[in-house]
A.B. asks: 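What follows is a single structure, and I will ask about it in a moment.
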Amino acid sequence: MAGQEQDKAYDPRGIEEKWYGYWLAKGLFSADPAATGEAYSIVIPPPNVTGSLHMGHALNVTLQDVLIRYNLMLGRNALWLPGTDHAGIATQNVVERLLAREGKSRQDLGREKFVERVWKWKEESGGTILRQLKRLGAACDWGRERFTMDEGLSRAVREAFVRLYRKGLIYRGRYIINWCPRCRTALSDLEVSYEETKGALYYIKYPELSGRRSVTVATTRPETMLGDTAVAVNPKDERFTGRVGATLRLPLMNRPIPLIADEMVDREFGTGAVKITPAHDPNDFEVARRHELPSVRVIDESGKMTAEAGAFAGQDRFACRKAVVLKLKEEGLLAKEEPYLHNVGHCYRCKTVVEPAESIQWFVKTKPLAEPAILAVKSGETRIIPSQWERTYFDWMENIRDWCISRQIWWGHRIPAYHCAACGQTTVAVETPDRCAFCGSGNLKQEEDVLDTWFSSALWPFSTLGWPETTPDLASYYPTSALVTGFDILFFWVARMMMMGIEFTGKAPFRDVVIHALVRDVRGEKMSKTRGNVIDPLEVMDRYGTDAFRFTLVALAAQGRDIRMSDDRVEGYRNFMNKIFQAGRFVRMHVDEETPKELPGDLQVVDRWILSRLQRVTDEIRRGIEEYRFNDAGSAFYQFTWHEFCDWYVEMIKPSLSPEADPQVRRDQRAVLLHVFDTILALGHPFIPFITEEIRQSLPGERDSILRRGYPEADASMLDVDVEEDMGHLMEVVRAVRNIRSELSVPPGKRVEVRLKGQVEELAFLREHEEIIHRLARAQKVVYMDPEYIPVQDATAVVNDIEVCLPLAGLIDFDQEARRLRKEIDKADAELSVVMAKLSNEKFVASAPGDIVTAHRTRKDDLEEKLSKLSKNLELVTRYLS
RNA sequence: GGGCGGAUAGCUCAGAUGGUAGAGCAUCGCCCUUACAAGGCGAGGGCCACAGGUUCAAGUCCUGUUCCGCCUACCA
């Protein structure tokens with residue numbers, strides 16, 4: 001029994017896989033650059049090969065899928081290009097962890113073997129996330145799947161590198177960069193995340209060599225003092241007048257260092273004197289350049305103290321910090337130590353504290369690239385949506401700093417630069433050169449470093465389409481139509497794609513950049529493994545079905561807001577899926593192979609009403625998708641389908657579908673029903689692809705995919721304002737009856753007479769469609785009263801110019817009816833006073849637009865009329881009571 | 001230190017170009033009415049954070065304040 005009950009509800013299991021396979025088999029997602037139709041293209045933000053689907057991907061992918069399916073249905077030549085990112089550091093970490101389990105390090109294997117091992121891992125485990133995208137229904141063109149380390153994309157990377165190098169936009173040099181001692185590689189500025197950390201500010205005395213005075217400096221990293229080569233003060237600081245040029249003794253190292261003057265020093269901070277450690281601080285590095293100071297590297301690439309650290313050599317940097325402080329105390333040179341809250345940089349991959357360190361790295365000179373990228377957005381060539389992100393984009397672009405692109409890891413694109421052992425010059429070339437371009441020597445050795453993963457990602461919109469070759473794909477699908485992504489990678493990725501895209505193709509890579517929200521948990525917290533609040537999208541899909549999950553994401557995807565995901569929401573939309581499924585069953589019960597596809601020439605009023613509403617909602621949904629207001633599109637679809645089509649239209653037409661109905665009327669009615677429902681399915685398909693395909697193909701006669709149906713288009717000729725208004729009144733009459741029945745506890749099974757009082761012409765429409773009122777209001781019969789009728793023992797309500805009267809003597813408590821009427825009167829009264837207040841204001845009448853004033857006037861008349869009717873009826877009721 | 005976003009019904013949130021406050025969930029009544037109890041019908045619930053200002057009219061525009069969140073920054 002219970003089983004049967006369950007069978008009546010929608011069960012997405014089995015259906016989803018079936019249709020996804022069907023779409024693939026039919027090649028519906030395979031794009032052809034030669035095909036007709038306006039091109040529409042999206043490249044997927046490539047997820048990490050190491051990744052598995054999380055809520056962020058789910059939202060991102062769903063929105064793209066909505067766009068792609070919508071455009072496919074519009075008949076455009078739509079391409080959605082999928083792929084993954086090799087994610088250098090992350091992937092290398094994964095494989096290193098696997099090796100560690102075998103007790104091996106990557107160094108044990110050696111570079112070549114290690115890289116082979118990573119490839120093997122990628123082949124075996126790298127496809128997880130792509131399989132999960134399929135589960136979501138993603139209409140990707142899998143034949144065009146790309147990986148950032150593909151042969152083609154690697155070629156593009158080398159080409160881009162060489163071109164930038166030749167233009168002088170890539171250079172190599174010794175600078176301060178962010179170094180992760182755990183990953184043992186340089187990081188770009190963006191890959192460092194600053195976290196507020198409780199530390200201490202140490203005040204250290206540096207004695208002058210001659211004399212008894214000393215200079216006190218403040219630092220949060222005392223261990224770096226071992227590498228100090230100067231102390232700096234502001235030249236305008238009177239406290240140090242006459243002392244600049246003095247020689248100080250560097251404590252613990254007993255090295256003489258100068259006291260210098262530099263503008264960079266803030267007189268207000270600390271003691272006004274700064275220790276200068278050129279090898280381990282970006283500011284100090286600059287100061288050292290200006291003053292030609294030597295640089296002493298005291299921390300090595302694994303975070304241990306170097307031989308330059310004297311007695312502290314070999315210690316870990318944090319152990320050394322303690323040791324240095326202790327030693328300074330012993331020597332009486334620690335003036336003060338105070339707690340200090342400051343921002344400390346951490347590696348965004350492994351959370352290790354980053355160490356600024358001087359080393360030789362490769363950089364992209366970004367300013368010349370940023371300028372046109374700024375211009376592209378300013379000119380509107382690329383739109384950022386929502387536009388408030390433009391400002392963030394400009395801020396970053398305008399203050400952009402050079403980009404450190406070399407990484408000291410093995411997994412990635414090896415930099416195409418070859419150092420000559422003979423002359424020391426570096427040859428940069430796309431293909432491995434035989435000889436040094438400078439001296440002709442064959443003794444070349446390729447650069448060991450690989451490129452930042454984001455370097456290859458920056459080329460993604462065109463490298464995936466075949467660049468640097470001029471391919472048909474590139475010609476047809478570049479620039480792409482939209483990029484859909486989260487704001488967290490606006491700088492990492494979007495900004496860099498803009499720069500590279502313009503540099504190499506002359507065109508910005510996207511028409512629109514659509515920035516969507518972050519998905520958070522119910523409490524609004526960011527989902528993270530450490531917090532343990534991660535909701536697994538796959539589990540949600542298992543429980544509620546993919547369509548319900550997708551619709552939830554769409555419905556919650558309001559622009560500029562974060563999304564709070566919870567089971568309740570998904571459950572609500574799961575119910576909506578069931579509603580659609582049930583509606584499908586209803587339609588299937590009433591239509592058959594004979595049901596005409598075309599709308600009948602002769603439409604009933606209810607049909608004209610639903611068709612008019614359908615045009616409006618079609619328009620709303622299309623506008624929503626086109627303006628990336630997905631939630632608006634989703635809720636328009638929801639409201640219409642459930643609350644207009646199911647709640648009203650289906651209920652209203654039941655009589656004309658019954659076997660007793662006139663065959664012609666029945667046939668016509670079926671045709672309209674089918675047409676409207678079919679349109680609903682098509683409208684919903686981009687959001688809920690599986691259930692719409694399933695139901696549509698279960699309808700009589702349907703054998704082709706819903707994707708080929710074409711997206712519904714609003715037909716203005718079907719709009720009918722009058723019918724919408726008349727039907728609105730009729731529905732209000734029904735509601736009024738229902739309300740009275742419910743409020744006054746009229747037994748549900750009890751049929752009552754409905755008396756409609758008003759002028760003949762006002763009653764005409766209702767009289768014509770009496771059948772609807774009769775059924776939906778559970779009327780025993782509907783009768784019409786002229787305006788002279790006095791409803792002595794009736795419960796009453798006012799709908800526009802009509803009074804709805806229910807003779808209920810003996811059935812109800814008239815005390816209650818009196819209370820009900822008073823409540824109505826109060827409501828109308830309150831509203832009237834608001835309207836009156838406006839109308840009695842001369843300035844309002846004088847300066848407000850005419851139509852607004854007119855609207856208020858009619859509103860006033862209506863309310864007064866309503867009030868007079870209500871009061872009269874209340875009087876009747878109370879008189880009857882006494 | 002700069003910048004951005006948020007504060008609207010018990011909860012989660014919508015409310016383009018200023019013109020009579022909406023949805024979903026939750027709550028309360030009543031109903032297994034033959035598509036649907038994952039349902040139907042009805043109802044209650046809001047000085048739209050605070051203080052000023054602009055305007056005939058302000059969740060909506062301007063200024064300031066208070067909380068909350070995020071991004072960014074070379075104060076050692």
A.B. asks: For B:rG22, measure the glycosidic angle (O4'-C1'-N9-C4 for a purine, O4'-C1'-N1-C2 for a pyrimidine) and name it syn if it falls within 90° of 0, otherwise anti.
C.D. replies: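 Nucleotide B:rG22 adopts anti.
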A.B. asks: Testing the basics here: between A:L190 and A:F492, what is the closest heavy-atom pair and its distance to 0.1 Å?
C.D. replies: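 Heavy atoms of A:L190 and A:F492 come nearest at O-CZ, 3.2 Å.
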A.B. asks: Can you spot which of A:R290, A:R267, A:K236 makes a salt bridge (charged side-chain N to carboxylate O under 4.0 Å, His left out) with A:D262?
C.D. replies: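 Running salt bridge (charged side-chain N to carboxylate O under 4.0 Å, His left out) over A:R290, A:R267, A:K236 with A:D262 returns exactly one hit, A:R290.
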A.B. asks: Below the 4.0 Å mark, does B:rU34 have OP1 or OP2 next to a side-chain nitrogen or oxygen of A:K654?
C.D. replies: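 For B:rU34, OP1/OP2 do not have a side-chain N/O of A:K654 under 4.0 Å.
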A.B. asks: I'd like to know whether the aromatic ring centres of A:F363 and A:W403 sit less than 6.0 Å apart in this structure.
C.D. replies: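 Judged by ring-centre distance (under 6.0 Å), A:F363 and A:W403 do not meet the cut-off.
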A.B. asks: Tell me whether the side-chain N/O atoms of A:R738 come closer than 4.0 Å to OP1 or OP2 in B:rG42.
C.D. replies: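 True: A:R738 side-chain N/O within range (under 4.0 Å) of B:rG42 OP1/OP2.
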A.B. asks: For RNA chain B, determine which residues of residues 273-285 of chain A have any heavy atom closer than 4.0 angstrom to one of its atoms, and list them numerically.
C.D. replies: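 Under 4.0 Å from RNA chain B: A:V274, A:N283.
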A.B. asks: Quick check, are the ring centers of A:F630 and A:H516 under 6.0 angstrom apart?
C.D. replies: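 Ring centroids of A:F630 and A:H516 are no less than 6.0 Å from each other.
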A.B. asks: Counting heavy atoms from C-beta on, name the nucleotide in B:rA76, B:rA43, B:rG40 closest to the side chain of A:D266.
C.D. replies: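 Looking only at side-chain atoms, A:D266 lies closest to B:rA76.
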A.B. asks: Give a yes/no on whether any side-chain N or O of A:N343 is located under 4.0 angstrom from OP1 or OP2 of B:rA73.
C.D. replies: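 No, outside the criterion.
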A.B. asks: Just checking A:W642 against A:Y638, ring centres under 6.0 Å apart?
C.D. replies: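 Yes, they do, as the ring centres are separated by less than 6.0 Å.
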A.B. asks: For B:rC4 and A:R391 - does any side-chain N or O of the residue sit under 4.0 Å from the phosphate oxygens OP1/OP2?
C.D. replies: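 For A:R391, the contact criterion (side-chain N or O under 4.0 Å from OP1 or OP2 of B:rC4) is met.
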A.B. asks: Answer yes or no: does a side-chain N or O of A:Y340 lie under 4.0 Å from OP1 or OP2 of B:rA76?
C.D. replies: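 For B:rA76, OP1/OP2 do have a side-chain N/O of A:Y340 under 4.0 Å.
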